[in-house]
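See structure below.
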Amino acid sequence: MLSAAASIISSQVAGQSGSCLTHLIIPGAAAAAQIKNFSSARASMAEFYEHIKASSGAYKYFCNGQWLESSSGKTVPVTNPSTLHKDYQVQACTQEEVNNVFAAAKAAQLSWARTPLWKRAEYLHKVAVLMRQNAQPMADCLVKEIAKPAKDALTEVIRSADLIDYTAEEGLRSLGEGQLLTSDSFPGQARNKLCLVSKVPLGVVLCIPPFNYPVNLAVSKLAPALMAGNAVVLKPPSQGVVAGIHMLACFAAAGLPPGTVNVITGKGSEIGDFLTTHPSVNCISFTGGDTGISISHKAGMVPLQMELGGKDACIVCSDADLDLAASHIVKGGFSYSGQRCTAVKVVLAMHDIADELVAKVQAGVAKLTVGRPEDNADITPVISEASATFIQGLVEDAREKGAEFLTEWRRNNNLISPVLLDRVTPDMRIAWEEPFGPVLPVLRVNSIDEAVHHCNSSNLGLQGCVFSRDINTAMRVSDAMQTGTVQVNAAPARGPDHFPFQGFRDSGIGSQGIKNSLAMMTKIKSTVINLDKESYTLG
């Protein structure tokens with residue numbers, strides 16, 4: 001097993017074998033011992049995951065405590081964004097297999113709901129331990145499937161284990177609390193009724209995470225749902241699916257009762273709507289794009305938790321610390337090639353500081369490295385050729401309408417070099433549409449009111465940020481911005497994972513964050529005790 005320190009070392013060792021590992025400098029015998037220990041740990045992790053793969057090499061799905069191959073005999077390829085090679089295959093499950101998964105989950109949920117909270121927490125803590133012990137293969141999948149830089153891939157896995165631990169502890173506190181109401185607090189009523197208010201599970205929760213955080217945004221759904229007494233069905237994203245299967249293997253190995261956790265894979269065109277409209281679904285937790293709006297239209301009375309993207313605006317006031325603003329804009333706009341819902345998507349700079357700010361941002365962008373995720377490049381290939389083509393369309397539209405290019409447009413298949421656009425105007429698509437790529441537009445505005453108006457005119461309202469040295473100005477801007485979260489003097493970000501996370505308008509439904517997700521995964525039940533006569537405390 002790898003300790004936390006060894007996990008960090010393992011993220012730095014050797015790297016021509018396609019793993020996340022890049023460098024380690026340890027002298028002499030110590031280096032040999034370290035490499036030997038690392039190799040032994042690698043072999044142990046490979047053995048831990050060996051049962052999730054079929055003899056054909058395709059990854060299995062998980063139903064009712066068993067790793068299975070689809071009766072369809074078909075698989076779905078997973079393309080590496082960096083090489084465009086089909087590195088993995090997963091099962092193309094049928095609608096009948098979807099029925100089987102939901103039947104297993106529905107049957108298991110009743111007994112799982114009767115499992116004490118402390119025991120559910122114990123299971124989740126064990127999952128977290130297994131994820132840390134077996135983190136590297138999961139991180140390797142993130143590098144190959146979604147071109148996430150190696151160091152960030154490992155960080156995502158460890159962060160996810162931390163999220164699970166926190167959820168278990170928070171669940172013990174928040175789910176263990178009830179409420180007692182007495183009838184005499186309402187006008188005209190005597191104290192002859194006692195209302196016991198408790199939190200009960202929803203049933204079966206369908207969890208659908210996005211490609212950009214297929215591990216972290218899966219456990220942010222799975223852990224609260226399970227802690228609240230629900231059974232879960234995970235449908236991983238098409239890219240990130242193998243990392244999701246590895247993650248689910250840790251839940252399976254922790255010994256949760258069969259049917260409590262399940263994972264289904266396949267083509268969205270064949271099982272997507274069948275999953276989201278299945279009569280056994282009691283809640284859908286979805287993170288993604290416009291697909292979520294379609295799901296919401298079809299969901300009927302099923303509770304929804306949705307985060308659907310953002311056009312996160314960064315307002316830079318005249319009194320801002322421009323060095324601070326520029327560094328956060330570069331990191332916020334280009335981290336993971338801009339493929340984050342919380343990436344800075346548009347900069348709204350006051351005219352009087354725009355020249356200086358843009359120069360500082362341009363200098364920061366020039367330092368970004370472009371290349372392979374295995375090499376921990378700042379800018380790596382975007383998720384697909386279709387995504388790259390969409391991004392190119394936004395850039396070409398801006399060029400045709402007069403945007404000033406401060407970087408040269410370069411595209412090699414899915415790999416797009418960072419694009420910084422100045423003097424963008426509201427008639428350009430990039431001023432409104434979410435590129436989900438390494439493209440950052442700067443709009444010059446005459447006032448804070450103009451900046452806020454642009455922000456609030458978007459159909460998206462996930463996050464935003466404001467840079468100002470005056471906290472009074474910052475608070476007024478925050479109050480005026482119609483977004484789920486506003487960061488003051490920092491780029492938008494999801495987390496820490498216990499912070500509330502929500503979007504306005506087309507950016508989502510409901511709120512995430514550990515405590516909010518635990519509440520979302522339950523419903524309120526009241527039991528009213530009718531006394532034969534009035535009863536007063538000490539009376």
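Here, residue 1 is the first one in the sequence, and each next residue gets the next number.
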**Item:** Side-chain donor/acceptor of Gln89 to backbone N/O of Ala58, under 3.5 Å
**Value:** no
**Asked** Which atom pair, heavy atoms only, marks the closest approach of Leu415 to Pro381?
**Response** CD1-N, 3.5 Å
**Item:** Minimal non-hydrogen separation, Gln109 against Pro201, with atom names
**Value:** NE2-CB, 3.5 Å
**Prompt:** Any donor-acceptor pair under 3.5 Å linking the side chain of Arg132 with the backbone of Asn134?
**Reply:** no
**Request:** Evaluate the side-chain proximity of Asn414 to Ile383: yes if any heavy-atom separation is below 4.5 Å, no if none is.
**Result:** no
**Message:** For Val241 and Glu145: C-alpha separation, side-chain torsions, deciding distance, then whether side-chain contact (heavy atoms from CB on, under 4.5 Å) applies.
**Reply:** CA-CA 8 Å; Val241 57; Glu145 287 190 274; 3.6 Å; yes
**Message:** Using 30° and 60° as the class boundaries, would you call the ring planes of Trp67 and Phe62 parallel, tilted or perpendicular?
**Reply:** tilted
**Message:** I need the Asn459 CG to Glu434 CD distance, nearest 0.5 Å.
**Reply:** 9.5 Å
**Message:** Check this for me: Lys199, atom NZ, are more than 12 non-hydrogen atoms of other residues, nucleotides or ligands nearer than 6.0 Å?
**Reply:** yes
**Request:** Could you check if a side-chain atom of Leu217 sits within less than 4.5 angstrom of a side-chain atom of Arg494, using non-hydrogen atoms only?
**Result:** yes
**Request:** Verify side-chain contact (heavy atoms from CB on, under 4.5 Å) between Thr342 and Asp312, making sure each step is shown before the conclusion.
**Result:** CA-CA 6 Å; Thr342 55; Asp312 301 355; 4.0 Å; yes
**Message:** Under a 3.5 Å distance rule, please check whether Gln487 uses its side chain to pair with a backbone N or O of Pro492 as donor and acceptor.
**Reply:** no
**Request:** Give a yes or no answer on whether the side chain of Gln133 reaches the backbone of Ala135 with a donor-acceptor pair at less than 3.5 Å.
**Result:** no
**Request:** Give a yes or no on whether the backbone of Leu84 and the side-chain of Thr79 come within a donor-acceptor separation of less than 3.5 Å.
**Result:** no
**Close side-chain approach of Leu175 and Glu170, heavy atoms under 4.5 Å** = no
**Request:** Return yes if some donor-acceptor pair links the side-chain N/O of Glu156 with the main-chain N/O of Val215 below 3.5 Å, else return no.
**Result:** yes
**Fill in**
Closest non-hydrogen atoms of Leu462 and Gly310, given as atom of the first, atom of the second and distance, are CB-CA, 3.9 Å
**Request:** Please round to the nearest 0.5 Å and tell me the distance separating atom CG of Asp162 and atom CE of Met131.
**Result:** 9.5 Å
**Tyr61 versus Val101, closest heavy-atom pair with distance** = CE1-CG2, 4.2 Å
**Approximate separation, where rounding is to 0.5 Å, of Lys345 NZ and Glu433 CD** = 12.5 Å
**Asked** Atom NZ of Lys151 and atom CG of Asp375: how far apart are they, to the nearest 0.5 Å?
**Response** 10.5 Å
**Message:** Would you say that Met520 contacts Cys283 through its side chain, given a criterion of any heavy-atom pair below 4.5 Å between the two side chains?
**Reply:** yes
**Request:** Decide whether Gln392 and Thr389 meet the rule of one side-chain donor and one side-chain acceptor closer than 3.5 Å.
**Result:** no
**Asked** Short question: side chain of Asn80, backbone of Ser82 - any donor-acceptor pair under 3.5 Å?
**Response** yes
**Asked** In Å, rounded to the nearest 0.5 Å, how long is the span from SG of Cys314 to NE2 of His328?
**Response** 10.0 Å
**Message:** Between Pro236 and Pro214, is there a side-chain heavy-atom distance shorter than 4.5 Å?
**Reply:** no
**Request:** Find out whether the Lys NZ or Arg CZ of Lys235 is both under 6.0 angstrom from the six-membered ring centre of Phe286 and within 45° of the ring's axis.
**Result:** no
**Request:** Test side-chain contact (heavy atoms from CB on, under 4.5 Å) on Cys341 and Glu307 and set out the steps.
**Result:** CA-CA 9 Å; Cys341 296; Glu307 189 266 285; 3.3 Å; yes
**Message:** Testing the basics here: between Ala108 and Ser111, what is the closest heavy-atom pair and its distance to 0.1 Å?
**Reply:** O-OG, 3.1 Å
**Complete:** side-chain contact (heavy atoms from CB on, under 4.5 Å) with Leu368: of Ser337, Pro418, Ser335, Ser417, only one passes, and it is Pro418
**Request:** Measure the acute angle between the ring planes of Phe211 and Phe436, then classify it against the limits of 30° and 60° as parallel, tilted or perpendicular.
**Result:** perpendicular
**Request:** Report yes or no: do Gln95 and Asn99 form a side-chain donor-acceptor pair below 3.5 Å?
**Result:** no
**Lys221 and Ser285 side chains, donor-acceptor separation under 3.5 Å** = yes
**Prompt:** Is a side-chain donor or acceptor of Asp165 paired with a backbone partner of Ala128 at a separation under 3.5 angstrom?
**Reply:** no
**Fill in**
All heavy atoms of Ser517 vs all of Gln512, minimum pair found to be OG-CA, 3.7 Å
**Request:** Calculate, to the nearest 0.5 Å, the distance between atoms OG and OH belonging to Ser44 and Tyr49 respectively.
**Result:** 10.5 Å
**Request:** Could you tell me whether the side chain of Ile208 reaches within less than 4.5 Å of the side chain of Thr291, counting heavy atoms only?
**Result:** no
**Request:** Say whether, by atom type as modelled, one donor and one acceptor occur between the side chain of Lys148 and the main chain of Asn212 under 3.5 angstrom.
**Result:** yes
**Message:** Is it the case that the side chain of Ser511 and the backbone of Pro500 share a donor-acceptor pair, with hydrogens and angles ignored and the cut-off at 3.5 Å?
**Reply:** no
**Prompt:** So do Gln239 and Pro81 actually touch side chain to side chain, heavy atoms under 4.5 Å?
**Reply:** yes
**Asked** Relative to the ring of Trp112, is the ring of Tyr123 parallel (under 30°), tilted (30 to 60°) or perpendicular (over 60°)?
**Response** tilted
**Side-chain touch Phe251/Ile164, heavy atoms, less than 4.5 angstrom** = yes
**Prompt:** Are Val204 and His278 close enough, and set up right, to give a side-chain contact (heavy atoms from CB on, under 4.5 Å), and what steps lead you there?
**Reply:** CA-CA 11 Å; Val204 177; His278 200 281; over 6 Å; no
**Gln91, Glu96, Glu97 screened by side chain to side chain donor-acceptor pair (under 3.5 Å) with Ser70, the one that passes** = Glu97
